[in-house]
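What follows is a single structure, written as structure tokens, with notes after it.
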2 protein chains.
Amino acid sequence: MEEILRRQIEKIVPLTDDEFQLVLSHFSVGKYKKHQYIVQQENPVPYVHFVVKGLLKSFYIDKSGKSHILQFAMEDWWITDNQGFYNNQNATLNIDCLEDAQTYYITLDNREKLCAELQKMEFFFLQKMTAGNIALQNRILSLMSKNSEERYTQFIQLYPDLIHRIPKTLIASYLGISRETLSRLSH
Amino acid sequence: MEEILRRQIEKIVPLTDDEFQLVLSHFSVGKYKKHQYIVQQENPVPYVHFVVKGLLKSFYIDKSGKSHILQFAMEDWWITDNQGFYNNQNATLNIDCLEDAQTYYITLDNREKLCAELQKMEFFFLQKMTAGNIALQNRILSLMSKNSEERYTQFIQLYPDLIHRIPKTLIASYLGISRETLSRLSH
DNA sequence: GCATTGATGTGATATAGGTCACAAATTTTC
DNA sequence: GAAAATTTGTGACCTATATCACATCAATGC
């Protein structure tokens with residue numbers, strides 16, 4: 001399992017064995033059951049999680065009670081409530097498990113210590129954050145310029161693996177359309 | 001003008017005079033006229049710009065020819081086509097000036113050099129990127145969970161300064177609604 | 001292995017917001 | 001400062017998507 005984390009980092013910065021051990025020593029391992037929450041609205045957000053097994057979703061519940069999925073996270077993805085985690089605020093999002101899951105998680109303090117001890121980790125996190133930004137901007141443009149069908153097609157292209165692991169209902173919620181509309185498309 | 005850049009950085013990391021001179025030496029100054037493009041679709045994206053004067057917008061033109069505003073940038077904001085800039089690709093966005101503008105701009109190479117020479121600048125960029133991420137995620141949730149009126153109200157709250165500098169037509173394009181609908185809202 | 005819960009499909013109907021068309025007001029340009 | 005360009009408002013009409021209501025089917029828990 002450690003290997004997944006190591007490969008993820010080494011896609012961006014090479015690491016010696018010792019360096020990777022140092023990295024690893026700043027993380028903890030978490031195991032979670034399907035339906036289990038790892039972040040809850042109104043509660044603190046102590047960790048970012050790197051998923052090594054399973055599938056999670058982060059979602060926002062609006063004032064009318066409707067839930068909107070911000071992100072899915074499967075193996076090799078990072079997930080947290082950014083606003084809560086980085087600004088030390090209570091969560092506005094929820095994160096729960098769609099499948100039994102295992103993560104390596106790290107606190108903000110530990111992340112900062114790690115970056116101080118191993119400069120290239122700061123570069124790594126900057127690269128990840130930058131890639132995240134680009135993806136988010138594309139998602140915004142997609143929401144603004146594409147209709148439901150186009151967004152669904154794009155989703156299939158971008159995340160072919162997810163299609164088979166996630167009920168359509170949730171994909172609809174991620175795409176910002178109703179499950180009925182998606183149902184009528186997908187045929 | 002330099003002072004604006006310095007204050008922007010010092011909101012996150014303190015700088016000595018020498019350090020700031022080092023920072024500054026990696027930037028160039030650009031002056032642009034209203035209507036001038038500083039990034040064009042299909043062209044390279046050599047710089048990120050820090051705006052010290054004026055107002056710009058970045059926008060995407062979809063396949064049907066409709067334009068969607070991704071971002072405005074006034075004094076103290078950063079702007080570029082991220083995908084083009086960080087991945088060394090051609091632009092998918094356009095950026096032009098809504099008012100005569102002045103920026104400090106930097107290449108990717110120079111940014112990397114600067115971070116290598118002055119570690120805290122990497123921390124600075126990471127912080128900015130993180131804040132950007134949070135803002136983008138909120139915008140996505142806003143697009144998914146709020147109707148036109150709520151999004152407009154939120155825009156006014158978030159960017160009260162911009163309301164008076166930007167025609168409603170463009171605000172509509174930023175909010176992902178038609179100008180007619182916005183006109184009927186604003187009352 | 002049955003019972004509960006969740007997922008999916010589909011009809012009928014409602015509606016927010018888009019589009020088109022025109023006129024008036026305002027701003028910009030030379 | 002007149003002409004051109006841009007912005008804004010508003011009516012009439014259209015459409016994509018939401019909502020509600022069932023029915024069926026599949027998955028999961030004990």
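Note: hydrogens, waters and symmetry copies are ignored here, and every other heavy atom, side chains too, is used. No experiment lies behind these values; they were computed from the predicted model shown. Naming: A, B, ... by sequence-line order, numbering from 1 per chain.
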Which of these, B:K128, B:R7, B:K11, sits in a salt bridge (charged side-chain N to carboxylate O under 4.0 Å, His left out) with B:D76?
->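 That would be B:K11; it is the only one of B:K128, B:R7, B:K11 passing the salt bridge (charged side-chain N to carboxylate O under 4.0 Å, His left out) with B:D76.
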Euclidean distance, B:Q83 CD relative to A:N138 CG, rounded to 0.5 Å =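 One finds 4.5 Å between CG of A:N138 and CD of B:Q83.
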Reading nucleotides 15-30 of chain C from 5' to 3' and marking B where a protein heavy atom lies under 4.0 Å of the base, S where only the sugar-phosphate is that close, and - otherwise, the string is --SBBBB------SS-
Answer with yes or no whether the side chains of A:D96 and A:Q36 bring together a donor and an acceptor at under 3.5 Å.
->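 Side chains of A:Q36 and A:D96: no pair found under 3.5 Å.
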Tell me the interatomic distance from [X], atom [atom1], to [N], atom [atom2], rounded to whole angstroms.
| X | N | atom1 | atom2 | result |
| --- | --- | --- | --- | --- |
| A:K168 | C:dT10 | NZ | C1' | 14 Å |
| A:Y152 | D:dT17 | OH | P | 15 Å |
| B:I163 | D:dT8 | CD1 | P | 11 Å |
| B:I166 | D:dT8 | CD1 | P | 11 Å |
| A:H164 | C:dA7 | NE2 | P | 18 Å |

Only one of A:Q41, A:E42, A:K57 clears side chain to side chain donor-acceptor pair (under 3.5 Å) with A:N94; which?
->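 Among the candidates, only A:Q41 passes.
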So, do B:Y174 and B:F72 have ring centers that fall under 6.0 Å from each other?
->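 When the ring centroids of B:Y174 and B:F72 are compared, they turn out to be within the sub-6.0 Å range.
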Shortest non-hydrogen contact between B:N133 and A:N82, atoms and distance =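 Shortest heavy-atom contact: OD1-ND2, 4.0 Å.
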